[in-house]
Amino acid sequence: MVAPRLRVSVGTRSVARVKPSLSRAEARRIALAAQGFSLPQPQRVNARNLHATFGRMATLQIDSVNVFARSHYMPFFSRLGEYEVATLDDHLFRGPGRYVEYWAHVASFVPMEDWGLFDFRMQELRAKYGAVDGWFHAHAATVDWVRRELRDRGPLRPAEIEHDSRTAPRGPWWDWDAVKRSLEYLWLFGEVAIAGRRGFERTYALAEDVIPDSILAEPVPRTDAIRELVYRAARAYGVATAADLADYWRIRDRRAVLAAIADLVDAGELQPVSVDGWGSNGRSVPTWVHKDARLPRRVDAAALLTPFDPMVWFRDRAVRLFDFEYRIEIYTPASARVYGYYSLPVIIGDDVVARVDLKADRATSTLLVQSAWWESAVPEDAAARLAAEIRRAARWQGLETISVSSWGDATGPLAAELVEAQRHGSTPVLGAPADNLEE
């Protein structure tokens with residue numbers, strides 16, 4: 001099969017041909033611009049804005065934690081401002097449609113047309129989990145029965161599939177019963193696709209009932225697929241190391257990633273560049289800039305980020321870009337948490353300057369600022385701009401009031417700006433665990 005055509009456009013303000021070395025601040029601005037943070041926010045967000053934002057990211061990670069807002073809703077709010085979540089739901093969940101779920105950067109949405117790019121991963125996961133000494137092979141009868149149910153009855157939620165195994169004791173694999181586990185394996189192997197969701201519960205269907213025949217008929221060869229995915233990661237990041245590009249799609253084969261980078265350099269799509277401070281022991285880490293990457297003179301963003309935003313989801317990159325060391329503490333015992341259950345990085349200007357732990361208390365229609373902390377570089381207007389983002393977040397979530405705790409060195413300045421806000425104690429509020437297969 002012919003490799004997918006690289007989707008490139010000639011940039012008029014490209015940095016790739018004129019900047020062999022970059023400062024750390026310049027790298028930050030390139031990265032923020034690539035993700036859309038240098039663009040003005042629309043007065044009214046429409047479907048076209050949502051699709052364009054998705055296109056810059058290339059994939060959208062899914063997470064179930066709903067203490068403030070589910071993670072896949074956040075990147076659009078961060079880049080576009082307040083928008084109707086129902087509009088995004090129509091495109092993500094009312095499938096089959098423009099997007100589909102797969103294990104891209106863990107559980108994620110990707111454009112429907114990209115299904116074939118992940119055929120190599122489907123084959124790798126089948127080899128890993130479908131071995132004769134594994135669960136999948138040992139439960140072949142259940143798996144075959146689940147296939148027949150989907151073939152005979154069409155798209156189904158797990159609860160709609162009845163089987164004797166549902167009354168049996170559950171196993172250690174996320175406590176899922178045999179039917180649910182069969183569905184998840186078949187999804188990883190590409191036999192099953194997600195046909196939509198009701199609430200947050202998936203509806204499963206045979207892949208041929210969700211993915212167009214023209215796409216299913218053209219799986220992309222492994223080498224071509226990895227090259228295309230590396231290209232897209234480079235475009236989404238603007239400037240990146242090999243580790244960055246591999247992590248964007250969780251590609252474990254470093255040699256394949258480096259080979260893809262070499263091909264893209266030869267094709268003129270990527271150019272080697274050095275970034276001050278990216279390296280150790282006096283040696284710079286190899287870095288590449290996308291040919292269409294833009295270097296704005298200034299980026300003046302203000303945004304709350306989900307922990308699973310491409311700007312920060314690879315923690316090593318967050319350190320290199322922002323000197324921001326980040327750990328999600330939802331899995332940390334409450335007594336050992338430093339910053340809070342689900343703290344959100346805060347961008348002001350072109351840097352991460354704070355983190356805030358937010359909780360939407362639906363019963364009282366209150367946005368709780370459970371904690372707020374400054375990072376090392378704090379602009380003079382940081383508290384005022386963070387307060388404006390908190391107000392906007394409350395409006396977006398339909399919450400009538402705001403309450404600020406006393407936990408964290410930014411809570412005092414933030415409360416002073418939020419003159420209308422209430423105050424509450426500093427005891428951390430626990431949330432529900434995530435259901436991702438892995439972080």
Side-chain angles (χ1 to χ4, degrees), residues 63-71 73-74 77-78 82 85 200 302-309 312 315 318 322 324-348 351-436 439:
D63 191 81
S64 66
V65 175
N66 197 28
V67 64
F68 166 60
R70 294 197 193 277
S71 183
Y73 296 129
M74 283 289 295
F77 173 68
S78 302
E82 298 166 62
V85 169
F200 201 68
L304 304 172
L305 303 182
T306 169
F308 305 115
D309 192 291
V312 293
R315 308 314 185 204
F322 304 110
F324 181 62
E325 296 189 5
Y326 189 41
R327 177 186 179 189
I328 302 173
E329 296 184 298
I330 56 178
Y331 305 110
T332 303
S335 60
R337 289 178 189 144
V338 177
Y339 295 109
Y341 176 76
Y342 198 63
S343 62
L344 309 180
V346 179
I347 290 178
I348 300 293
D351 206 354
V352 173
V353 305
R355 62 185 91 196
V356 294
D357 185 20
L358 300 183
K359 178 180 175 64
D361 187 339
R362 306 291 176 185
T364 63
S365 193
T366 301
L367 178 60
L368 301 173
V369 182
Q370 301 286 68
S371 70
W373 305 86
W374 295 127
E375 296 300 305
S376 56
V378 184
E380 290 184 3
D381 62 348
R385 297 187 70 179
L386 175 55
E389 289 305 301
I390 295 295
R391 290 190 184 99
R392 184 159 64 167
R395 289 196 304 268
W396 178 53
Q397 288 296 299
L399 303 172
E400 297 175 356
T401 59
I402 299 169
S403 183
V404 182
S405 80
S406 58
W407 186 26
D409 61 357
T411 54
L414 182 58
E417 294 289 341
L418 292 167
V419 294
E420 74 279 18
Q422 305 169 4
R423 299 301 299 268
H424 65 276
S426 60
T427 302
V429 176
L430 304 183
D435 72 351
N436 273 344
E439 184 187 326

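Residues: numbered from 1 along the sequence shown. None of the values given here were measured: they were computed from a predicted structure. Worth knowing before you read on, the calculation uses all heavy atoms, side chains too, and leaves out hydrogens, waters and symmetry mates.
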Under 3.5 Å donor-acceptor, S343 side chain and V356 backbone: no
Nearest atoms (heavy-atom pairs only) where E417 meets A387: CB-CB, 3.6 Å
Closest non-hydrogen atom pair, L414 against A383: CD1-O, 4.1 Å
Aromatic plane relationship, F308 with Y342 - under 30° parallel, 30 to 60° tilted, over 60° perpendicular: tilted
Qualifying salt bridge (charged side-chain N to carboxylate O under 4.0 Å, His left out) pairs, either residue in residues 403-414, two or more places apart: none
Positive for side-chain hydrogen bond (donor to acceptor under 3.5 Å, both in side chains) with S403, one of Q370, R423, K359, H424: H424
Residue pairs, two or more places apart or on separate chains, that pass salt bridge (charged side-chain N to carboxylate O under 4.0 Å, His left out) and touch residues 387-405: E82-R395, E389-R392, R391-E420
Heavy-atom donor-acceptor pair, R355 side chain to L344 backbone, under 3.5 Å: no
Salt bridge (charged side-chain N to carboxylate O under 4.0 Å, His left out) pairs, two or more places apart, involving residues 324-336: none
Closest non-hydrogen atom pair between G398 and S365, with its separation: O-OG, 3.6 Å
Single hit among T364, T366, D361 for side-chain hydrogen bond (donor to acceptor under 3.5 Å, both in side chains) with T401: T366
S71: which of T306, D309, D63, N66 passes side-chain hydrogen bond (donor to acceptor under 3.5 Å, both in side chains): T306
Sidechain-backbone polar pair: T332 side chain, R337 backbone, donor-acceptor under 3.5 Å: no
Gap separating the CG atom of L399 from the CZ atom of F68, nearest 0.5 angstrom: 7.5 Å
L358 CG to I390 CD1 distance, which is reported to the nearest 0.5 Å: 4.5 Å
Separation between CG of D357 and CD1 of I330, rounded to the nearest 0.5 Å: 11.0 Å
